[in-house]
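Following: one structure in structure tokens, then a few remarks.
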Amino acid sequence: MSGTRALVDLVTAALQAVRSVPDACQTVVTILRTRGRSHPEIPIPDRDQIPSGDPLTAVVLLCTGDRLRCFGAAGTWYVFDGVPLNTGMVGRVFRTGQPAILRDVTTDPDYTALSSGVLSDVCVPLKSKDGRSIGILNLEWATPIDEKQWSMAACGVAAALEARIAALGGVPPESGSQRMLRHALALTSAPTENDLLSRSLIAAQDVSGLSTAAILLPTSRQEPPRHIAASQEYPEWELPGTRSVSAHSIVDNPVDNSVNKAVENPVRIAGALGPLAGHIARADQEILKLVLSQIHRHGSAYTLGDPAGLNAREFRSLAELGLRTAVVVPMGADSEAGGVLLCADARVSRPAVATVSLLELLASQTWICLERLRTLAYLNERAGSDPLTGLRHHGRFAERLALARPGRTAVLAIDVDEFKVFNDTYGHPAGDQLLVDLVRALQAVLRPRDDLYRIGGDEFAAVVEVNHADEAVRIGERLVAAARTTGRTISVGVAVRTPGESPQSTVRRADSALYAVKRSGRDGVRFAEPDPDEELIIEPGNGFRSL
């Protein structure tokens, strides 16, 4: 017991002389690695009674961001750094706050050896004053140890280190560069454009230290203005006298003139997050266009202090919206579709040049990821679409059929009458143009929620949601009438999925109805009655399905 106390006293005394958290961690592991022999100048009674057996390695890992980082190590040439919080024994000790004392490390399935030949291990958590885990102290031996003495010694040393870390201001936060790298990784794994914008906005807040972030993009002549709207994932912030929006959810409806005035090529708020998001959404279009054009012409810009005492010139309208600090950096500077990343705060501060540089990197990374997602979406659409008509084909048709609802989903099998004769008479280019014209005519009479597919040379299928069979037949009649406007005719078979019927069976019935139209003279619609002879089976939890 006295030996354990001697080691803890030795560490406690040595820690009083250090002035930084990394120095404190390194001092602890150095003393533990040599049991104090490197500090003979510190008079400690009973030095010879300090627990025997020098550790093979001694490491202190502290939590910064979402990783355990190495702040001190002794007895090893290399260390693990940036350890995920859910990884290995050290991650378990950090998460649970419970020490791990291993006589034989092979008995712990979570153990990961830093060095070869390790037999024993003592790993104890480091905690803050409020009991939160802030890191771990890990000791390894190549020989058996006195488990009781070393576990008491490690816990005592951990307590001394915890106290010194607290006195020095706590675990040092991540640097801006570390935060930027962490967020860059999150951006590259974003599965959708909306998710990417969300992660970019969160990253901009974190890297800049400002409360609000927004992404502004130019709207092309063909693209309707969009506006941001609150979502359940990102609730609204309320400010006195106004209602601001914190989410980047994009709504494909034109906004009213108070938010986004109808001007040529307006700027749209692609995403915004924070208490000033609503203020930015209400900014005049002219000032947003000015900011976007100037940033792409001259580069990044930021404010220098309180606008009340400085000349805000043409940007006075932004200051009047409540923005006292702002940083604006370009996104996609080499692209005509490029926008800007805007970070703002209601507090007055002067951004550091290094922070602006990091935001530039963030904006560039966001734009690269955005272009990648759009390219993948385009390629995916091309892969699932017919290059002639632009309609989706077999794979997407099968996916849609899998969602067919009994009594509500109708399949319309469509075939162009005497298309082969037309092709043989006028040639394939004329036949291709006929199909393009026909598809346009059919799409013009379908509802926005109806889906049209090309599943063969002159074979098409529509999948529609209806309330009753008569509604599906009327849609088929509209298609037949639309085809006549192109100078050609089509035959249509209609089937509504019945309870217990497989989607494939519904398609077969629609095809049978189609060929019945062909046999009766073409240019018409026929409804396929349910097949009374179809055999159905019952699957537990899935109801009926056809054999």
Side-chain angles (χ1 to χ4, degrees), residues 7-8 10-12 14-15 18 20-39 50-51 53-106 108 110-128 133-143 145 147 149-165 168 170-172 174 178:
L7 180 58
V8 174
L10 173 60
V11 170
T12 302
L15 285 175
V18 301
S20 73
V21 171
D23 285 347
C25 296
Q26 189 58 44
T27 296
V28 167
V29 296
T30 299
I31 293 176
L32 288 174
R33 176 75 172 78
T34 61
R35 289 180 296 132
R37 292 196 306 275
S38 61
H39 291 267
I50 290 177
D54 292 340
L56 183 67
T57 63
V59 178
V60 172
L61 302 176
L62 300 182
C63 181
T64 59
D66 59 351
R67 301 274 172 156
L68 290 171
R69 298 286 178 185
C70 181
F71 275 68
T76 180
W77 182 53
Y78 71 102
V79 295
F80 293 124
D81 189 53
V83 179
L85 303 183
N86 60 349
T87 297
M89 182 189 69
V90 294
R92 187 187 73 223
V93 170
F94 175 84
R95 295 191 312 273
T96 64
Q98 299 299 316
I101 315 299
L102 304 178
R103 175 180 299 186
D104 181 356
V105 295
T106 62
D108 192 321
D110 294 331
Y111 179 79
T112 301
L114 178 63
S115 303
S116 61
V118 175
L119 177 64
S120 309
D121 188 285
V122 173
C123 185
V124 296
L126 299 170
K127 298 184 179 182
S128 62
S133 291
I134 60 173
I136 61 97
L137 167 63
N138 191 68
L139 306 175
E140 297 176 335
W141 289 264
T143 59
I145 60 170
E147 298 170 40
Q149 272 207 324
W150 270 111
S151 63
M152 293 176 59
C155 289
V157 168
L161 180 57
E162 292 167 353
R164 191 54 184 161
I165 290 175
L168 293 170
V171 178
E174 286 182 297
Q178 289 174 318

### Task
Could you please spell out the steps behind the side-chain contact (heavy atoms from CB on, under 4.5 Å) verdict for Leu61 and Asn138?
CA-CA 8 Å; Leu61 302 176; Asn138 191 68; over 6 Å; no
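- Identified under the salt bridge (Lys or Arg N to Asp or Glu O under 4.0 Å) test for residues 116-128, with sequence neighbours left out: none.
- Arg33 places a side-chain N or O within donor-acceptor distance of the main-chain N or O of Pro55, the cut-off being under 3.5 Å.
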Tell me which donor-acceptor pairs under 3.5 Å the side chains of residues 87-102 have, and how far apart each pair is, sequence neighbours excluded?
| unit_1 | atom_1 | unit_2 | atom_2 | d |
| --- | --- | --- | --- | --- |
| Arg92 | NH1 | Asp108 | OD1 | 3.0 |
| Arg92 | NH1 | Asp108 | OD2 | 3.2 |
| Arg92 | NH1 | Asp110 | OD2 | 2.8 |
| Arg92 | NH2 | Asp108 | OD2 | 2.8 |
| Arg95 | NH1 | Leu85 | O | 2.8 |
| Arg95 | NH1 | Gly91 | O | 3.2 |
| Thr96 | OG1 | Arg92 | O | 2.8 |
| Thr96 | OG1 | Gln98 | N | 3.2 |

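- Paired with Val60 under the rule side chain to side chain contact (heavy atoms under 4.5 Å, CB included), one option of Val29, Val157, Ile165, Leu32 passes, and it is Val29.
- With a 4.5 Å cut-off on side-chain heavy atoms, Leu68 and Phe80 do not count as touching.
- Shortest non-hydrogen contact noted between Val124 and Ala154 is CG2-O, 3.9 Å.
- Ser20 places a side-chain N or O within 3.5 Å of a backbone atom of Asp23 that can act as its donor or acceptor partner.
- Taking OG1 of Thr12 as the reference point, atom CD1 of Ile31 lies at 9.0 Å (rounded to 0.5 Å).
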### Task
Go through the steps to decide whether Val122 and Ile145 satisfy the test side-chain contact (heavy atoms from CB on, under 4.5 Å), and finish with yes or no.
CA-CA 10 Å; Val122 173; Ile145 60 170; 3.9 Å; yes
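- Pairing each heavy atom of Val21 with each of Leu168, the nearest pair is N-CD1, 3.7 Å.
- Here CD of Glu140 is found 11.0 Å from CG of Leu119. Values are rounded to the nearest 0.5 Å.
- Listed by first and then second residue, the salt bridge (Lys or Arg N to Asp or Glu O under 4.0 Å) pairs that reach into residues 70-89 are Arg69-Asp81, sequence neighbours excluded.
- Here the CE atom belonging to Met152 is positioned 11.5 Å from the CG atom belonging to Leu7, to the nearest 0.5 angstrom.
- A search for salt bridge (Lys or Arg N to Asp or Glu O under 4.0 Å) contacts involving Asp66 returns nothing, not counting sequence neighbours.
- Test Ile136, Leu161, Leu126 against Leu62 for side chain to side chain contact (heavy atoms under 4.5 Å, CB included) and you get one pass: Leu126.
- Glu162 meets the side chain to side chain donor-acceptor pair (under 3.5 Å) test with no other residue; sequence neighbours excluded.
- When every heavy atom of Val105 is checked against every heavy atom of Ser120, the shortest pair comes out as CG1-C, 4.0 Å.
- With rounding to the nearest 0.5 Å, the separation of CZ in Phe71 from SG in Cys63 is 9.5 Å.
- Of all the heavy atoms in Pro172 and Thr64, the pair that sits closest is O-CG2, 3.5 Å.
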### Stepwise side-chain contact (heavy atoms from CB on, under 4.5 Å) test for Trp150 and Leu139
CA-CA 9 Å; Trp150 270 111; Leu139 306 175; 4.2 Å; yes
